[in-house]
Every structure is written in C-alpha cells, then in structure tokens.
Protein chains: 2
Amino acid sequence: MARPSDAKARFIDTAVILFRERGYHGVGLAEIIAQAKAPKGSFYFHFPGGKEELAECAIRYAGGYLPYMLQKSLRDAPDFRTGIEALVGHLARAFEASNWTKGCPIASILLDTAPYSERLSQAIRSVTDEWITAFGEATRRFDLGEDPRALAMRILVSLEGAWIMARIFKSREPFHEAVDMIVAGHAISGAPPQPASAG
Amino acid sequence: MARPSDAKARFIDTAVILFRERGYHGVGLAEIIAQAKAPKGSFYFHFPGGKEELAECAIRYAGGYLPYMLQKSLRDAPDFRTGIEALVGHLARAFEASNWTKGCPIASILLDTAPYSERLSQAIRSVTDEWITAFGEATRRFDLGEDPRALAMRILVSLEGAWIMARIFKSREPFHEAVDMIVAGHAISGAPPQPASAG
DNA sequence: GTAGTTCTATGGCGATCACCATAGAACTAC
DNA sequence: GTAGTTCTATGGTGATCGCCATAGAACTAC
C-alpha cells in the first residue's frame, strides 16, 4: 500500500471544507472524491456507511478543533474576557479569510439533516457536549460566579449566531456583538484568576 | 382558471416549510410540487427562474414574518424586556411545537447556498436589513440608551444561535440564555417607555 | 514465495435531480 | 362566440445523485 490510510484523512479533510461551504446535501460525493484526489473505489472501502459515515467522521474531526482552540485561548489569558476575545477573534479572522464561506462545520450539516439522520444528530450532540465539558475545565481557574454550563451555552449561542450573521453581512461586527454579550452576561467577569492555587 | 394564482401561494408556503426543515439542497422540486398539490407544469409557469426563484420568494415571504412578530410583541409591552421575552418566547414555542425541525427559514437556505447564489444572498441581506429597520421603529418609544442597530444585531445573533443550539439539544434553554444576553447587554434596560409623547 | 490483507482503480447501476416542450382546460374581454 | 390570456396537466430530457461489483496493485506475515 502507498501510505496507511492517507486517503481516508484526505476524504475527511475535504468533506469538512466542502460541507462548511455548502452543507451536507449541497455537495456530492463525486466532488469530494475528486477534490480529495482519491480513487472512487477507495471511498466505500474507508467508509462502508457511505456519505453519512463520512459526514459523521467530519463532524467528530472538526468538532474536536473548537475545544482545542478554547483551551489554547484561555490557557495563557490573564482574565476571562481576554481569553474569550482571543478565541472569538481567531474564529472571526479565519471566517473572514475564507471570504465568509467556511463557518461552523457543525451548523451547516445540522440544518440540512437533523433530525432526519439520527446518526448525525447524535454525533453533533456528542461533540457539542464535549465542548461544554471542555469549557468547564478550561475556565475552572477563573471565578466566574456563574454556572459554567449556562455560560458555555451562551457562548455557543453567540458564536453560532455570529457565524450566521457575519455570513449575511460579510462583516466582523456580529462577532464583536457576540463578545460583548458574553462578557456582559456575567457582569464584571474580567476578574483575574486566583493565583493562590496555581500549580 | 381555478383561482388567481392560488397554486403559486401554495408553492411558496410549501417551500418555506420544507426548506426550514432540510435546507435548500435537501429538498427536491418533486417533493415540493407533490406536497403543494399542484401540477408539475404549473411550477415553471409561476417560477420561470426555477428553484432559485422559488427560494427567493420563500425568503422574502418568510422574512416578512419576523418584523410582523416584532411589532406585535413590542407594541403592547410595558417595557423592552417584556416585549423581547414575548417575541423570543413565541418563536421558541413554535420551534418546539415543530419538534425542533422548523427553525429560522433564512439560515437553512443561507448555509446551503451563500455565497454561491448571489440572488439568494442578496434576498437574505435584504430581509435582514428590513428587520433591523423595523426594530429601530418598533423600539423608538423605549429609551434604550444604545444604538438600535447594534442592539438589533445582538438580537439577531442571539436568535440565530438559539435556533441552532435548541435544535441540537431539543431544548428551550438556549432561548432563555438568548433573552438574558439581550437584556443584560444594555444593562438595566427594562426602563418603562416615556408616557409623555404616547399618542 | 506464497497467502492474506489493505487499498487503488474502473465502470456502471437504478434513482433522482432540475428543467422544459407541448397540449388542453378555464376563465376574461370584446 | 370568438380571441386571448392564464393556468393545469402529462411526459420526458440529459445530468447528476449515492452506491456497489469487480479486478488488480501494494504491502505484510509466515
């Protein structure tokens, strides 16, 4: 064999890109296979479940990126607000760099398929739950004075909404409004972390 | 003729319903025509521009509903917060009643097509602008102490995000978080309207 | 080197896609 | 009642959809 499962990764990468741009039904397998530069026959070897299995892999793969970015943004931030601004700012710049075509990799599939594909709905719920859990851990060192789960939900609501509105207006403004809403939500939350228990 | 353009309205109504559920590419014309109980040949008489023209009509038709609901909710509200709660509460209940399938009629088309269809992108931007304008007029009687356009953008960001997160979790909670973020954003904005200039 | 597994490569399946040509029915205007 | 317009009704187009059968190449294990 050429390389162990090199083609499979290319399939998933390509699927993430194209699904973000035009949704699940907006992209055909032919285009994915062509852009992945993989042979047509390889596809059903790596994904016996067909297009739906590919989409699930794409959801889980892409869904792992946001917790990573979250942890990276909050890890070195002096306070909560700065961390959130770094996170949202990064996502907004990436979105703009794609000419407002590549938004949330989850939402574009969600609106096309849920709840008609229980498999994909389940995968989306799964990665979203993971993000909320990751948020709770990443913000433990801040004293946010609020239920971290509710705060995580607010951030997701703001982010998803910003991705949509920014796509409509081709503007970063919705992301700025999102940040303002997040940090205003739990008031004067810019409180620095407790240095006492820092290890 | 049977009735003047009765079939055309059914086409649009059906399109709004199905596009909300599964997006632009997730629904075929055959299904729309069948569910509209209209003959196949009528379609291209009423929509020479094909599926894309139908989608534009659906966007503009459905897009007119939110300004209507906005005005209705804020008209009799004693204060801004109450009005927003009524608006969001109504949308959330309707969403739940559809078993979390019929969310924003705009977003599902947007994520499938923009920016690959300039026609649909333009239509979406148009109805969104109309909503922002309507918001400014509907809230003039409140002294919100904030740029109405920025506040309108916050509401749209919150609403769109809530529609997505509620679809994931099949829960009204995202809408509650959205309301909290909106009203917390401009602080103690529950101030009653000036009764002086009321006509 | 032979067997077995992994992956590539090609071709084509039935079904559905959006779209359109054509003919006739239903109604208005004169 | 005839002409003209509006709308219905049927049938079918080429293209693309997701899916799969089959064969062979590339590599590992013994």
Side-chain angles (χ1 to χ4, degrees), chain A residues 1-19 21-59 108-109 111-114 116-120 123, chain B residues 1-19 21-59 108-109 111-114 116-120 123:
Chain A
M1 44 185 152
R3 212 89 54 74
S5 208
D6 186 40
K8 181 169 186 176
R10 283 206 312 278
F11 276 127
I12 297 177
D13 285 341
T14 307
V16 169
I17 292 175
L18 293 181
F19 285 156
E21 291 181 1
R22 300 200 299 274
Y24 180 79
H25 291 108
V27 185
L29 276 183
E31 186 178 357
I32 296 176
I33 292 169
Q35 190 157 322
K37 292 190 200 314
K40 195 173 163 190
S42 296
F43 179 77
Y44 283 93
F45 172 79
H46 293 293
F47 305 95
K51 190 182 185 182
E52 196 178 16
E53 181 177 348
L54 172 64
E56 182 183 351
C57 290
I59 289 169
S108 58
I109 297 179
L111 296 194
D112 257 26
T113 60
Y116 300 94
S117 165
E118 183 52 40
R119 179 175 193 170
L120 298 185
Chain B
M1 44 185 153
R3 212 86 55 75
S5 208
D6 186 39
K8 182 169 185 176
R10 284 206 311 276
F11 275 128
I12 297 177
D13 285 341
T14 307
V16 170
I17 292 174
L18 293 180
F19 285 155
E21 291 182 2
R22 300 200 300 272
Y24 180 79
H25 291 107
V27 185
L29 276 184
E31 187 178 357
I32 296 176
I33 292 170
Q35 191 156 324
K37 293 192 201 312
K40 196 172 161 191
S42 296
F43 179 77
Y44 284 94
F45 172 78
H46 293 294
F47 304 96
K51 190 181 186 183
E52 197 179 16
E53 181 177 347
L54 171 64
E56 182 183 351
C57 290
I59 289 169
S108 58
I109 298 179
L111 296 193
D112 257 27
T113 60
Y116 299 95
S117 164
E118 182 53 42
R119 179 176 192 170
L120 298 185

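Side chains are part of it too, since the values below use all heavy atoms of this structure and drop only hydrogens, waters and symmetry mates. Note on naming: letters A, B, ... go to the chains in the order of the sequence lines (proteins, then strands), and numbering restarts at 1 for each one.
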Sugar-phosphate, base or nothing in reach of A:Gly41, heavy atoms under 4.0 Å: base
d(CG, B:Asp6; C1', C:dA26) in whole Å: 14 Å
Interatomic distance where CD1 belongs to B:Ile33 and P belongs to D:dG11 [whole Å]: 15 Å
Members of residues 49-56 of chain B that approach DNA chain C, where some heavy atom sits under 4.0 Å away: B:Gly50, B:Lys51
Rounded distance in Å - CZ (B:Phe43) to C1' (C:dC17): 13 Å
Base paired to D:dA25 (Watson-Crick or G-U; both N/O distances under 3.5 angstrom): C:dT6
Presence of A:Tyr44 side-chain N/O under 4.0 Å of D:dC19 phosphate oxygens OP1/OP2: yes
D:dC30: pairing nucleotide in any strand, Watson-Crick or G-U under 3.5 angstrom: C:dG1
Side chain of A:Leu29 - closest among C:dT8, D:dC19, D:dT8: D:dC19
Rounded interatomic separation in angstrom, taking NE2 from A:His25 and P from D:dT16: 19 Å
Paired nucleotide for D:dC19 [Watson-Crick or G-U wobble; both distances under 3.5 Å]: C:dG12
Residues B:Lys8, B:Phe47; criterion side chain to side chain contact (heavy atoms under 4.5 Å, CB included); working and verdict: CA-CA 8 Å; B:Lys8 182 169 185 176; B:Phe47 304 96; 3.8 Å; yes
Non-hydrogen side-chain atoms of A:Arg119 and A:Glu53 separated by less than 4.5 Å: yes
Spacing between A:Asp112 atom CG and D:dC17 atom C1', to the nearest angstrom: 15 Å
Whole-Å distance separating the CZ atom of B:Phe45 from the P atom of C:dA26: 16 Å
Value in whole Å for how far the C1' atom of D:dC19 lies from CD1 of A:Ile32: 14 Å
Whichever of A:Ala30 and A:Pro48 has its nearest DNA chain D nucleotide further upstream toward 5': A:Ala30
B:Ile12 versus B:Cys57, closest heavy-atom pair with distance: CD1-CB, 3.8 Å
Close side-chain approach of A:Glu31 to A:Thr14, heavy-atom, < 4.5 Å: no
Rounded distance (Å) that lies between atom P of D:dC7 and atom NZ of B:Lys8: 9 Å
Smallest separation among heavy atoms of A:Ala36 and A:Phe11, with atom names: CB-CD2, 3.9 Å
Parallel, tilted or perpendicular, as decided by the 30° and 60° cut-offs, for the rings of A:Tyr24 and A:Phe19: tilted
Watson-Crick or G-U wobble mate for C:dC17, both contacts under 3.5 Å: D:dG14
Exam field: side chain B:Arg22 to backbone B:Val27, donor-acceptor pair closer than 3.5 Å: no
